[in-house]
Protein chains: 2
Amino acid sequence: MLHKVDDILSKHALRRTAFRQELLKIFIESGSRALSHTDIEEALGDHDRITLYRTLKSFQDKGLIHEAVDGGKDTKYALCQNQCDVHHHIDHHPHFLCESCGVTYCMDEIKIPDFDLPRNYTLKGMHLALSGTCASCSKV
Amino acid sequence: MLHKVDDILSKHALRRTAFRQELLKIFIESGSRALSHTDIEEALGDHDRITLYRTLKSFQDKGLIHEAVDGGKDTKYALCQNQCDVHHHIDHHPHFLCESCGVTYCMDEIKIPDFDLPRNYTLKGMHLALSGTCASCSKV
DNA sequence: TATCTTTATGAAACAATGTTGCATAAAGTA
DNA sequence: TACTTTATGCAACATTGTTTCATAAAGATA
Ligand SMILES: [Mn+2]
Ligand SMILES: [Mn+2]
Ligand SMILES: [Zn+2]
Ligand SMILES: [Zn+2]
């Protein structure tokens, strides 16, 4: 695991510090679930708030994580699945916020359908934020 | 205009105060453009920050305005076009954030296309946040 | 209109969230 | 090891949002 973590860090030209290794491990373990600042602070034992802000920004800039726009008030972050790097992100999947458990999921398997934009508009980015009840909350 | 404003306020069971009339006027004049807190503070002359927070919340609760999820960092609000009320909002149009001028537009004319959700997920809400260059910025 | 009841406003105090500057520590490099 | 560059931790600050409460104003009643 630590090997995988270090691999990812160096692949994205990030120095292997204890903080970054811990943070990346947390993201890997969370799978397709997006994490809020609070989620992360709870997962990290002792930590520095400011370093977390900065590390999240580095991870985002270097293409390790992306912001999961889910329509909720808390910003959430999740691992990039694809080959995102310092130059560009390609996280074009929807995000689903469960109103029952509060978890936000990356829906990597779903493609956002096409649609027509009015004349003279140029599309560069796109976020589809869904909400409702997730699979595990539906079963109860 | 003031007549229209008062009409809307009473239709949504909101007392006609000077502050609400002013704020609603600003929204009506902004048309399909969504406004950030800062946009509104600039448009209002002298004002109270806290009252603005509370009035925005009232307007949203009563179905006058909706939050425009555009993927940007600032929360923006825009007039509801439809028959939203205290019971439910039906603002299912995409929002477009222009990276050049920073304006967010409600795209009422565009319908968000259908797509399939994984088993056991129940969809309740949906936001499509688009970004790029708007029509007026493209022309330059 | 005068009176009453309910709700909105404005001010202050507080809480939460995010940013900047800087000295020190640690990582990468030779 | 010695050197250079970058990350960290802390403090101070800035911005954003919330709560409390006394007062003002709106709507209702008579
Ligand atoms: Mn995602
Ligand atoms: Mn809108
Ligand atoms: Zn759930
Ligand atoms: Zn524009």
Side-chain angles (χ1 to χ4, degrees), chain A residues 2-3 5-27 34-65 67-77 86 102, chain B residues 2-3 5-27 34-65 67-77 86 102:
Chain A
L2 197 60
H3 178 255
V5 160
D6 285 351
D7 249 27
I8 298 178
L9 288 176
S10 39
K11 189 176 298 177
H12 291 86
L14 284 166
R15 289 192 174 181
R16 278 165 276 179
T17 69
F19 193 99
R20 288 171 178 179
Q21 289 171 327
E22 258 197 274
L23 182 60
L24 183 50
K25 202 150 71 74
I26 290 169
F27 273 112
L35 304 173
S36 69
H37 220 270
T38 311
D39 292 335
I40 299 167
E41 299 215 7
E42 278 166 13
L44 289 165
D46 193 25
H47 68 281
D48 181 68
R49 213 167 54 91
I50 292 91
T51 304
L52 177 53
Y53 277 113
R54 284 189 285 221
T55 309
L56 286 173
K57 184 164 191 314
S58 302
F59 278 18
Q60 209 177 345
D61 289 346
K62 296 300 173 75
L64 272 77
I65 61 173
E67 197 172 318
V69 176
D70 65 2
K73 58 183 163 53
D74 307 326
T75 313
K76 293 185 183 173
Y77 302 91
V86 70
Chain B
L2 197 61
H3 178 255
V5 160
D6 284 351
D7 249 26
I8 298 178
L9 287 177
S10 40
K11 189 175 299 177
H12 291 86
L14 284 165
R15 288 191 174 182
R16 278 165 276 179
T17 69
F19 193 98
R20 288 172 178 177
Q21 290 170 328
E22 257 196 273
L23 183 60
L24 182 49
K25 201 151 72 75
I26 289 169
F27 273 111
L35 304 173
S36 69
H37 220 270
T38 312
D39 292 335
I40 299 167
E41 299 215 6
E42 278 166 13
L44 288 166
D46 193 25
H47 68 282
D48 181 68
R49 214 167 52 91
I50 292 91
T51 303
L52 177 54
Y53 277 113
R54 283 189 287 220
T55 309
L56 286 173
K57 184 165 190 313
S58 302
F59 278 17
Q60 209 177 345
D61 289 346
K62 296 298 174 73
L64 272 78
I65 62 173
E67 197 172 320
V69 176
D70 65 1
K73 58 184 163 50
D74 308 326
T75 313
K76 293 185 182 172
Y77 302 90
V86 70

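If you're wondering where the values come from, they're calculated on a predicted model, not measured in any experiment. Each chain gets a letter, A, B and so on, in the order the sequences are listed, and its residues count up from 1.
Residues B:Val86 and B:Lys62 form a side-chain contact, since some pair of their non-hydrogen atoms from C-beta on lies under 4.5 Å apart. Contact check for B:Phe59 versus B:Arg20: side-chain heavy atoms found under the 4.5 Å cut-off. B:Phe27 has its side chain within reach of B:Leu56: a pair of non-hydrogen atoms, C-beta onward, lies under 4.5 Å apart. Between B:Thr38 and B:Asp74, every side-chain heavy-atom pair lies at or beyond the 4.5 Å cut-off. You'll find the side chain of B:Leu64 reaches within 4.5 Å of the side chain of B:Leu9, heavy atoms only.
Shown here for A:His12 and A:Gly63, the closest heavy-atom pair between the two residues is NE2-O, 3.8 Å. Across A:Leu24 and A:Val5, no two heavy atoms sit closer than the pair CD2-O, 3.6 Å.
Interatomic distance, B:Ile26 CD1 to B:Glu42 CD, rounded to the nearest 0.5 Å: 11.0 Å.
For the contact set between residues 10-20 of chain B and DNA chain C, defined by any heavy atom under 4.0 Å, the members are B:Arg15, B:Thr17, B:Phe19, B:Arg20. Taken residue by residue, residues 36-50 of chain B places heavy atoms nearer than 4.0 Å to DNA chain D at B:Arg49, B:Ile50. Contacts between residues 53-64 of chain A and DNA chain D, defined by a heavy-atom separation below 4.0 Å, involve A:Arg54, A:Thr55, listed by number.
Aromatic pair B:Tyr53/B:His37: centroids less than 6.0 angstrom apart.
The existence of a salt bridge linking A:Lys57 and A:Asp61 is confirmed by a sub-4.0 Å separation between a basic side-chain nitrogen and an acidic carboxylate oxygen.
Residues passing the ring-ring contact (aromatic ring centres under 6.0 Å, His included) test with B:His47, sequence neighbours excluded: none. Residues satisfying the ring-ring contact (aromatic ring centres under 6.0 Å, His included) criterion with B:Phe19, sequence neighbours excluded, are absent altogether.
Bounding nucleotides for the chain A contact on DNA chain D, 5' to 3', at a heavy-atom distance below 4.0 Å, are D:dT5 to D:dA11.
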